[in-house]
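Just below is one structure, and these are the notes that go with it.
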Amino acid sequence: MANITVVRGAQQAEYNSEGAVTVYDAAQAVGLIDREVLAARVDGKVVALSYALAADAKAELLTFADKDGAHVFRHTASHILAQAVKRLFPSVHLTIGPAIEDGFYYDFDSEISFTPEVLAQIEGEMKKIVKENLRIERFELPRAEAIAFMREKDEPYKVELIEALPEDAVISFYRQGEFTDLCAGPHLFSTGAVKAFKLTSCTGAYWRGDSKNKMLQRVYGTAFPIKDALNAHLAQIEEAKKRDHNKLGRELEYFTTVDYIGQGLPILLPKGARVVQLLQRFVEDEEQKRGCLLTKTPLFAKRDLYKISGHWDHYLDGMFVIGDPHDETKECFALRPMTCPFQYQVFLNRKRSYRDLPMRLTETSTLFRNEDSGEMHGLIRVRQFTISEGHYILRPEQLEDEFRECLDLAKFMLDTVGLLEDCTFRFSQWDPANPKNKYEGTPEQWEEAQSLMAKILDDLGVEYTVGIDEAAFYGPKLDIQYKNVFGKEDTIVTIQIDLLLAKRFGMEYTDSDNTQKNPYIIHRTSLGCFERTLAYMIEKFAGALPTWLMPTQVVVLPLNEVFADYAYGVAKRLTANGVRVEVDDSSDTLGYRIRHAKLEKTPYILVIGENEMKNGTLTVNDRVHEKPYTMEESAFFDKLLTEIKTRSKTQN
RNA sequence: GCUGCUAUAGCUCAGUCGGUAGAGCACGUCAUUGGUAAUGACGAGGUCAUGGGUCCGAAUCCCAUUAGCAGCUCCA
């Protein structure tokens with residue numbers, strides 16, 4: 001006797017069964033099933049509708065609206081993809097094919113390459129499989145039989161996967177028609193539900209995500225229960241592409257690249273340079289207000305410095321070296337990939353006491369990193385970039401307060417530029433099992449640093465995810481993450497705790513009890529990399545940055561040359577008040593000039609004609625107000641100046 | 001670095017079977033004039049990314065390099 005509670009959204013019903021019953025049958029018995037139900041959640045575990053309920057249980061029915069439901073749906077879509085590929089190309093080896101956010105993929109080991117034509121062919125075969133509405137059945141095999149089964153099917157990657165499973169693991173398979181795949185599941189009831197899907201791209205991906213392994217072919221796709229949802233999703237991606245900073249930033253002339261200058265070395269054009277200058281002034285002023293000391297340190301140094309810091313051992317491949325790194329008899333330099341070892345020299349300049357701490361050093365710092373050639377992307381990933389880098393040298397008891405201050409500063413900065421609401425936090429930890437000897441220090445030191453950071457984060461109530469093997473080589477990090485228009489995530493700001501490097505550099509202070517101690521150090525950025533921040537702002541605002549950051553804030557348009565002098569007078573008055581103004585007195589028609597200004601995303605467009613001169617009023621267009629509005633000139637200036645001087649995080 | 005794709009005017013793109021290059025927008029000149037998304041005429045612009053090769057002949061076919069894109073791997 002089992003008492004089953006079936007839940008669907010706000011609806012709920014009880015079902016008493018004599019023996020074991022499938023979720024599907026229980027749900028049907030209480031009248032809560034229909035085609036929209038894809039899977040279920042029982043005891044927190046996502047299961048197929050064919051899952052047998054033997055004891056008292058609560059079965060929550062999942063539709064596509066539920067994240068887990070969509071996941072099951074798309075996982076089945078990936079199996080349909082694999083089945084289609086095996087039908088068309090039997091010699092292809094299967095590997096893995098999970099559902100992901102917004103879609104699914106499947107990795108294949110294939111001799112032939114999946115060109116767009118081949119993808120279209122595969123899509124056609126997938127449609128057939130959906131139409132065949134094949135029943136999806138689960139079965140289990142003991143380990144040895146599972147391995148033999150996959151050997152017989154000539155699926156070496158599947159054999160490898162099974163062999164890697166723990167001894168006591170349940171080894172399950174899913175069969176649909178002639179196709180069977182090793183899979184933990186769960187899946188849909190049958191293939192017929194996958195009504196709308198599209199294969200979006202084919203790219204390379206390493207087997208098991210390891211660059212030492214063979215490169216497989218990954219086919220990406222997405223799937224929805226109804227066609228309209230698929231089309232809406234594809235349209236949304238097209239819209240997002242229009243915001244791509246790498247396209248928009250070039251069109252709007254924020255930056256460009258030159259093939260004979262090199263990858264990852266963008267030219268900031270006047271508009272981009274202006275925005276970075278404004279951001280930089282804002283950052284430096286704010287940091288000064290908060291007690292930071294600005295430094296200016298060299299952009300490169302002898303290798304000796306990097307040997308002390310550990311960069312020579314841990315980061316040599318990432319540095320641009322001037323000279324032969326392996327010839328110890330000759331002088332050898334490297335461009336700096338980080339500012340830390342340079343800024344520490346400020347502390348080391350003389351004997352320090354506990355009274356000198358905290359010492360908050362900051363620098364608008366240009367760095368050079370020799371990224372692999374495939375990594376560069378617009379302004380987001382470059383080889384030379386400038387960050388607001390700070391090192392706070394602290395007594396241990398100051399760590400928590402100063403960490404809080406760093407977080408507050410970063411949040412303030414991100415909020416002011418309008419990006420904070422889209423940020424997530426990641427507690428980046430080391431990997432004790434990392435075989436690459438990537439980290440300095442002992443497990444005890446890491447344990448100490450990480451537990452300190454965990455305590456601080458918990459005290460501050462920061463919601464974060466944990467990233468294993470994401471730490472710096474000298475300590476754990478709180479990374480503030482941001483996603484670009486394509487959903488690719490990068491770090492925008494980082495705050496790191498370092499209990500190791502002070503000792504390496506011989507940094508000591510005399511404490512109140514007259515003993516010598518190594519300080520703790522926080523490495524932090526306040527607004528991160530200016531280039532990257534600019535890129536994210538271009539994407540977030542589709543080029544229409546907040547007014548205080550726009551290279552041109554107001555365009556003044558005289559109706560014709562009669563009004564040109566007056567227009568220049570207005571512009572002069574605005575300029576004198578710190579507003580960035582352009583006058584467009586070209587002979588083009590007014591509508592044409594307005595169109596131009598709008599394409600440039602100029603926040604304010606001021607038309608000067610008879611009315612303005614006669615009445616002393618101004619007709620104003622801006623992004624928000626579709627219809628022109630008129631107001632007294634002085635009131636207009638007050639509003640405009642207030643707005644431009646305020647660092648409003650939204651457009652207008 | 002790896003896999004795949006791409007490179008023609010400032011931008012978006014045509015260019016058939018290999019036969020010495022084309023449009024729209026942008027730009028310039030002139031005329032016109034104006035009230036919120038495009039006034040008209042004319043003009044200038046290209047060593048078809050770079051370097052090799054095949055060929056009587058290459059934007060077109062082949063190879064290499066450089067750069068750009070998607071993804072993987074790495075990272076702020």
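Protein chains get the first letters and strands the later ones, always in sequence-line order, with residue 1 at the start of each.
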For this session: Using modelled atom types only, decide if a donor and an acceptor are shared between the side chain of A/Trp446 and the backbone of A/Glu440 within a distance under 3.5 Å.
Result: yes
Exercise. Picking from B/rC27, B/rG34, B/rU36, which would you name as closest to the side chain of A/Val607?
Worked result: B/rU36
For this session: Could you measure between the two C1' atoms, the one in B/rG4 and the one in B/rG40, and give it in whole Å?
Result: 48 Å
Seminar exercise, completed: Taken to the nearest whole Å, CZ/A/Arg208 to P/B/rU3 is 22 Å
Exercise. Using the ring of each side chain (for Trp, its six-membered ring), is A/Trp312 parallel, tilted or perpendicular to A/Tyr306, with breaks at 30° and 60°?
Worked result: parallel
For this session: Have a look at A/Thr203 and say if it touches a base, only the backbone sugar-phosphate, or nothing, with a 4.0 Å heavy-atom cut-off.
Result: base
Problem set entry | Interatomic distance where OH belongs to A/Tyr260 and P belongs to B/rG68 [whole Å] | 14 Å
Exercise. What parts of residues 379-390 of chain A reach RNA chain B, counting only heavy atoms under 4.0 Å away?
Worked result: A/Ile380, A/Arg381, A/Val382, A/Phe385
For this session: Mind calculating the distance between CD (A/Gln263) and C1' (B/rG1) to the nearest angstrom?
Result: 11 Å
Exercise. Taking CE from A/Met376 and P from B/rC2, how many angstroms apart are they, rounded to a whole number?
Worked result: 13 Å
Exercise. Among B/rC75, B/rC72, B/rG68, which nucleotide sits nearest the side chain of A/Asp490?
Worked result: B/rC75
For this session: Describe the nucleic acid contact of A/Gly374 in one word from base, sugar-phosphate, nothing, applying a heavy-atom distance below 4.0 Å.
Result: base
For this session: Measure from the side-chain N and O atoms of A/Arg369 to the backbone N and O of A/Pro337, and report whether any donor-acceptor pair falls under 3.5 Å.
Result: yes
Exercise. Any sub-3.5 Å donor-acceptor pair from A/Thr200's side-chain atoms to A/Tyr220's backbone N or O?
Worked result: yes
For this session: State which of B/rC72, B/rA26, B/rU36 makes the closest approach to the side chain of A/Lys488.
Result: B/rC72
Problem set entry | Over-ring placement of A/Arg336 relative to A/Phe342, 6.0 Å and 45° cut-offs | yes
For this session: Starting from P on B/rG4, measure out to CD on A/Glu111 and report it in whole angstrom.
Result: 12 Å
Problem set entry | Candidate nucleotides B/rU36, B/rA76, B/rC69, ranked by approach to the side chain of A/Cys529 - the nearest | B/rA76
Exercise. Mapping A/Lys477 and A/Leu265 to their closest nucleotides on RNA chain B, which lands nearer the 5' end?
Worked result: A/Leu265
Exercise. A/Thr115 near the nucleic acid: base, sugar-phosphate alone, or nothing, with a heavy-atom cut-off under 4.0 Å?
Worked result: nothing
Exercise. What's the closest nucleotide to the A/Met215 side chain, out of B/rC72, B/rU33, B/rU36?
Worked result: B/rC72
Exercise. Sub-3.5 Å donor-acceptor pair from the side chain of A/Ser526 to the main-chain atoms of A/Leu409, do we have one?
Worked result: no
Exercise. Between A/Tyr105 and A/Arg218, is there a cation-pi geometry (under 6.0 Å to ring centre, at most 45° from the normal)?
Worked result: yes
For this session: Could you tell me whether A/Gly318 contacts a base, only the sugar-phosphate backbone, or nothing, with contacts defined as non-hydrogen atoms closer than 4.0 Å?
Result: nothing
Problem set entry | Sugar-phosphate, base or nothing in reach of A/Thr494, heavy atoms under 4.0 Å | nothing
For this session: Describe, in one word, how the ring planes of A/Tyr474 and A/His523 are oriented to each other, choosing from parallel (under 30°), tilted (30 to 60°) and perpendicular (over 60°).
Result: parallel
For this session: Could you check whether A/Ser373 gets within reach of a base, just the sugar-phosphate, or nothing at all, counting any heavy atom under 4.0 Å?
Result: base
Problem set entry | Over 12 foreign heavy atoms within 6.0 Å of CD, A/Glu253 | no
Exercise. So what does A/Tyr220 hit on the nucleic acid, given a heavy-atom distance under 4.0 Å: a base, only sugar-phosphate, or nothing?
Worked result: sugar-phosphate
Exercise. Counting any heavy atom closer than 4.0 Å, what does A/Gln481 reach on the DNA or RNA strands: base, sugar-phosphate only, or nothing?
Worked result: nothing
For this session: Return the value, rounded to whole Å, for the distance between atom CZ of A/Arg369 and atom P of B/rC74.
Result: 16 Å
Exercise. Which whole number of Å gives the distance between the C1' atom of B/rG53 and that of B/rC11?
Worked result: 33 Å
For this session: Look at the side chain of A/Phe486 and decide which nucleotide, out of B/rC75, B/rG35, B/rG71, has an atom nearest to it.
Result: B/rG71
Exercise. A/Arg218 near the nucleic acid: base, sugar-phosphate alone, or nothing, with a heavy-atom cut-off under 4.0 Å?
Worked result: sugar-phosphate
For this session: Tell me what A/Asp479 touches on the nucleic acid: a base, only sugar-phosphate, or nothing, going by heavy atoms under 4.0 Å.
Result: nothing
Problem set entry | Which residue lies more 5' along RNA chain B, comparing A/Arg250 with A/Asp210 via nearest heavy atoms | A/Arg250
Problem set entry | Donor-acceptor pair under 3.5 Å, A/Tyr206 side chain vs B/rG1 base | yes
For this session: Using a heavy-atom cut-off of under 4.0 Å over every strand shown, decide if A/Gly378 touches base, sugar-phosphate, or nothing.
Result: sugar-phosphate
For this session: Would you classify A/Asp259 as touching base, sugar-phosphate or nothing, given that sugar-phosphate means primed atoms plus P, OP1 and OP2, and contacts are heavy atoms under 4.0 Å?
Result: sugar-phosphate
For this session: Report yes if a donor N or O on one partner sits less than 3.5 Å from an acceptor N or O on the other, where the partners are the side chain of A/Glu371 and the base of B/rA76; otherwise report no.
Result: yes
